[in-house]
Participant: 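Before anything else, here's the structure in question.
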Number of protein chains: 2
Amino acid sequence: MEHLSSVKNSCRLLKFFLQSPSKELGVSDLSRKLTLSKGAVHKMLATLESEGFIRQNPATKQYYLGYTLLELGNQVLKNHNLSDFVKPYLERLAQMSNELITLCVKDERDALYVDKIDSQYPIRFNVDMYRRFPLYATSAARVIFAHCNLSLIDDLLKEDIRTFTPYSFKDPEAIKSRLLEIKQQGYEMSSNMRNVGVTGIAAPLFDANGEVSASISIIGPSDRMLPLKEKLIGQIIEVTKEISSQLGYHG
Amino acid sequence: MEHLSSVKNSCRLLKFFLQSPSKELGVSDLSRKLTLSKGAVHKMLATLESEGFIRQNPATKQYYLGYTLLELGNQVLKNHNLSDFVKPYLERLAQMSNELITLCVKDERDALYVDKIDSQYPIRFNVDMYRRFPLYATSAARVIFAHCNLSLIDDLLKEDIRTFTPYSFKDPEAIKSRLLEIKQQGYEMSSNMRNVGVTGIAAPLFDANGEVSASISIIGPSDRMLPLKEKLIGQIIEVTKEISSQLGYHG
DNA sequence: CGAAATCGTTCTCTAATAGAGAACATCGTT
DNA sequence: AACGATGTTCTCTATTAGAGAACGATTTCG
């Protein structure tokens, strides 16, 4: 099955803005990074601009992401029924713990947070919403990862492991055995993996088919989280079980 | 200048999800609506799926917008400095009026709300964020429209006027003369144009070049807004003048 | 229950074009 | 003034985009 090359390259172009530190990018820069000719990149940009996906700064002649992408991104959120369904449960957890509560979903080989309720503490942890990260990187992601096919797990762990702190997993085998643990005990708790001094507790959401494609987590400073860990683990398991059964899961 | 046809068609395909009532669309449906062959649409969808812009529901075989678009849309918001800059002023207006405050921007021939602060009243008006609408449709948009080139104005008013209520403008000449009024008095106030029983008051933001590409508005139920209109007009003009001068405008 | 319609997918084929590369115009810098 | 960077425009051909037909699998309906 062949893909449309120019479409694929345009998608790569747009996504390049996600990993670029500057919000405006030039033709030459893009052509180098994407290893495409300047002419080709220019034609792609012109086409994307005509559809509102890209705009050009008249002053700098450089290009930036257009509002049409904002419209489309918002549509993705609107389509996402799970958030609406889960929201009341997140709020309940937030009230019980007063820490950051997140809803995390899987997308192919990545995970991302699609909803959250912030803690009310003056010192609180914050997550980047709507940004991809590896399935092994955070508690919320790992608890989903643990329920994935073994083939996906092996496949992903074959690649280079991205570490975020000195305490992050870096050995594929260590991750794999942790995933087994997670699956057995039904939740995941970890500290310092993604951010030093931060502890996350996460539990999976099962849908009617018994599949796990989302998770809920409580995240906060370790000094507040660890003393309450038994209580928090109990709460998150209770709530996620209730959601799963509401989703039609009989496990 | 030729555009890349497959890229253009893929953009059209993605945008079609914005105007579709259902969040999942099939190949046949899309091919009919876009007047493209099923084979071509299928190839586009497969390519977009490989880049995370589209996903397929295995159960229904239909397609829906992917999380990558959420990432990109979020990036657009992050890049948008104006919101950060303007936010404190919006909050000030919100405190003063306790009605919905919006930040509206122009994008080509459309306008969209990119930021807002909700009213605290139990009965309050709400706007769709990040959705395009015509430059003549709302107070917030018209106050921007009034400062556009005459060529753009004439161009846009040549097309069919979309009306939203029985009170919406539908005559191009009426709109044009209203735009002159707006430009002269420096603000716009209107009722029932977009939603019956709703009144909006809007004033433009001038940048350092004296251009208007954004506006701020106060929107609420007419029965609360109208008795206070002098006060509200004064407040919004005061605040927008302050923002404009902070943006480097000396007018 | 079986026929017919509709679906998504795959295939073939050629007219159309995507993309490399060179040339050009316009900057700001040295 | 010359240079190096940019964005833009051009030419040209190997590639491919997209129409249309055919496929198997579902679903619909008589």
Side-chain angles (χ1 to χ4, degrees), chain A residues 1-17 19-66 79 107-108 208-209, chain B residues 1-17 19-66 79 107-108 208-209:
Chain A
M1 179 58 192
E2 278 306 305
H3 282 164
L4 300 171
S5 64
S6 61
V7 174
K8 195 164 192 85
N9 285 329
S10 297
C11 289
R12 289 205 301 135
L13 186 155
L14 291 172
K15 288 202 280 186
F16 189 76
F17 280 86
Q19 53 179 96
S20 159
S22 53
K23 63 177 195 176
E24 290 189 358
L25 291 169
V27 175
S28 304
D29 203 9
L30 283 166
S31 87
R32 263 177 271 122
K33 300 292 178 43
L34 302 173
T35 52
L36 288 165
S37 71
K38 279 206 292 179
V41 170
H42 183 264
K43 220 187 278 188
M44 282 165 33
L45 286 166
T47 307
L48 291 168
E49 183 174 21
S50 77
E51 295 293 327
F53 284 58
I54 283 282
R55 291 268 108 99
Q56 185 177 34
N57 182 334
T60 64
K61 295 284 185 180
Q62 302 210 93
Y63 295 86
Y64 57 93
L65 298 175
N79 292 347
D107 187 41
E108 289 292 300
N209 307 317
Chain B
M1 178 56 194
E2 278 305 306
H3 282 163
L4 299 171
S5 64
S6 61
V7 174
K8 195 164 193 85
N9 284 329
S10 297
C11 290
R12 288 206 301 136
L13 185 155
L14 291 172
K15 288 202 280 186
F16 188 76
F17 281 86
Q19 53 179 96
S20 159
S22 53
K23 62 178 195 176
E24 290 189 0
L25 292 170
V27 175
S28 302
D29 203 9
L30 283 166
S31 88
R32 262 175 273 124
K33 300 293 178 43
L34 302 172
T35 53
L36 287 166
S37 71
K38 278 206 293 179
V41 170
H42 183 262
K43 221 187 277 187
M44 282 166 31
L45 287 166
T47 307
L48 291 168
E49 183 175 21
S50 77
E51 296 293 326
F53 284 59
I54 283 282
R55 290 268 108 100
Q56 185 178 34
N57 183 335
T60 64
K61 295 284 184 180
Q62 302 210 92
Y63 295 86
Y64 57 92
L65 298 175
N79 292 348
D107 187 41
E108 289 293 302
N209 307 318

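Computation of the quantities below employed the complete heavy-atom set of this structure, encompassing side-chain atoms and omitting hydrogens, waters and symmetry-equivalent molecules. A, B, ... follow the sequence lines: proteins, then strands. Residue 1 opens every chain. Predicted model, so just to flag it, every value in this text is computed and none were measured.
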Participant: Among D:dA17, D:dA19, D:dG7, find the nucleotide with the atom closest to the side chain of A:Leu4.
Facilitator: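 When the side chain of A:Leu4 is considered, D:dA17 is the closest of D:dA17, D:dA19, D:dG7.
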Participant: Looking at residues 25-37 of chain B, who's got a heavy atom less than 4.0 Å off DNA chain C?
Facilitator: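 Output list: B:Gly26, B:Val27, B:Ser28, B:Arg32.
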Participant: Output the rounded distance in Å from CD1 (B:Ile54) to P (C:dT9).
Facilitator: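 Value for this atom pair: 12 Å.
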Participant: Show me the dot-bracket string of DNA chain D, counting Watson-Crick or G-U pairs under 3.5 Å, with | for pairs to another strand and [ ] for crossing ones.
Facilitator: ||.|||||||||||||||||||.|||||||
Participant: Hey, does the side chain of A:Thr47 reach the backbone of B:Val7 with a donor-acceptor pair shorter than 3.5 angstrom?
Facilitator: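 Such a contact is absent between A:Thr47 side chain and B:Val7 backbone.
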Participant: OP1, OP2 of D:dT6 versus side-chain N and O of A:Gln56: anything below 4.0 Å?
Facilitator: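 Indeed not, no polar side-chain atom of A:Gln56 lies that close.
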Participant: About how many Å separate CG of B:Leu30 and CZ of B:Arg12, when rounded to the nearest 0.5 Å?
Facilitator: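 The CZ atom of B:Arg12 sits 10.5 Å away from the CG atom of B:Leu30.
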Participant: Tell me the interatomic distance from A:Met44, atom CE, to D:dT8, atom P, rounded to whole angstroms.
Facilitator: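 Taking CE of A:Met44 and P of D:dT8, I get 14 Å after rounding.
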Participant: Can a donor-acceptor pair be found, under 3.5 Å and without considering hydrogens, that links the side chain of A:Gln62 to the backbone of A:Gly26?
Facilitator: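 Yes.
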Participant: Should A:Leu13 and A:Leu36 be marked as a side chain to side chain contact (heavy atoms under 4.5 Å, CB included) after you check the CA-CA gap, both sets of side-chain angles, and the distance that decides it?
Facilitator: CA-CA 10 Å; A:Leu13 186 155; A:Leu36 288 165; over 6 Å; no
Participant: Can you check the A:Tyr64 OH to D:dG7 P distance for me, whole Å?
Facilitator: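 My rounded result for the distance is 15 Å.
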Participant: Evaluate the side-chain proximity of B:Ile54 to B:Leu14: yes if any heavy-atom separation is below 4.5 Å, no if none is.
Facilitator: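 In contact.
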Participant: If you compare all heavy atoms of B:Tyr64 against all heavy atoms of B:Phe17, which two are closest, and at what distance to 0.1 Å?
Facilitator: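 Answer, listing the atom of B:Tyr64 first, then B:Phe17: CA-CE2, 3.8 Å.
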Participant: It should be established whether B:Asn9 places a side-chain nitrogen or oxygen under 4.0 Å from OP1 or OP2 of nucleotide D:dG18.
Facilitator: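 Indeed, a polar side-chain atom of B:Asn9 lies that close.
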Participant: Rounding to an integer number of Å, can you tell me how far A:Arg12 CZ sits from C:dG19 C1'?
Facilitator: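 It is 13 Å, rounded to the nearest whole Å.
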Participant: Between A:Lys8 (NZ) and D:dA17 (P), how many Å, whole number?
Facilitator: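 Between P of D:dA17 and NZ of A:Lys8: 12 Å.
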Participant: Please report, rounded to the nearest Å, how far the C1' atom of C:dG8 is from the CG atom of B:Leu48.
Facilitator: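 Between C1' of C:dG8 and CG of B:Leu48: 17 Å.
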Participant: Give, for atom OG of A:Ser6 and atom NE2 of B:His3, the distance between the pair rounded to the nearest 0.5 Å.
Facilitator: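 It is 12.5 Å, given to the nearest 0.5 Å.
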Participant: Would B:Leu34 and B:Asn9 satisfy side chain to side chain contact (heavy atoms under 4.5 Å, CB included), going step by step from the backbone distance to the final call?
Facilitator: CA-CA 8 Å; B:Leu34 302 172; B:Asn9 284 329; over 6 Å; no
Participant: Can you sort out the partners of A:Glu51 under salt bridge (charged side-chain N to carboxylate O under 4.0 Å, His left out), two or more places apart, ordered by chain and number?
Facilitator: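 A:Glu51 satisfies salt bridge (charged side-chain N to carboxylate O under 4.0 Å, His left out) with B:Lys8, B:Lys15 only.
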Participant: For A:Leu13 and C:dG19, what is the distance between atoms CG and C1' respectively, to the nearest whole Å?
Facilitator: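 It is 14 Å, rounded to the nearest whole Å.
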Participant: Is a side-chain N or O of B:Ser31 found less than 3.5 angstrom from the main chain of B:Ser28, in a donor-acceptor match?
Facilitator: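 Yes, the answer is positive, given that a donor and an acceptor are paired below the 3.5 Å cut-off.
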Participant: Compare side-chain N and O positions of A:His42 against OP1 and OP2 of D:dG7 and report whether any pair is under 4.0 Å apart.
Facilitator: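 Looking at the OP1 and OP2 atoms of D:dG7, neither is under 4.0 Å from any side-chain N or O of A:His42.
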Participant: What string of B, S and - do you get for nucleotides 22-30 of chain C 5' to 3' if you count protein non-hydrogen atoms under 4.0 Å?
Facilitator: ---------
Participant: Hey, which sits more toward the 5' end of DNA chain D by its nearest nucleotide, A:Lys61 or B:Ser5?
Facilitator: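 The residue closer to the strand's 5' end, by nearest nucleotide, is A:Lys61.
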Participant: Tell me whether the OP1 or OP2 atom of D:dT8 has a side-chain N or O from A:Tyr63 closer than 4.0 Å.
Facilitator: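 Answer is yes, contact under 4.0 Å.
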Participant: Whole-Å distance between D:dG18 C1' and B:Leu45 CG?
Facilitator: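 Atom-to-atom, B:Leu45 to D:dG18, this comes out as 14 Å.
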Participant: Does B:Lys23 have any salt bridge (charged side-chain N to carboxylate O under 4.0 Å, His left out) partners at least two apart in sequence or in another chain, and if so, which?
Facilitator: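 B:Lys23 satisfies salt bridge (charged side-chain N to carboxylate O under 4.0 Å, His left out) with no other residue.
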Participant: So which pairs with a foot in residues 52-66 of chain B pass salt bridge (charged side-chain N to carboxylate O under 4.0 Å, His left out), sequence neighbours left out?
Facilitator: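 Of all non-adjacent pairs touching residues 52-66 of chain B, those that pass salt bridge (charged side-chain N to carboxylate O under 4.0 Å, His left out) are A:Asp107-B:Arg55.
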Participant: Is A:Gln62 close enough to D:dT8 that one of its side-chain N or O atoms is under 4.0 Å from OP1 or OP2 there?
Facilitator: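 Result: no.
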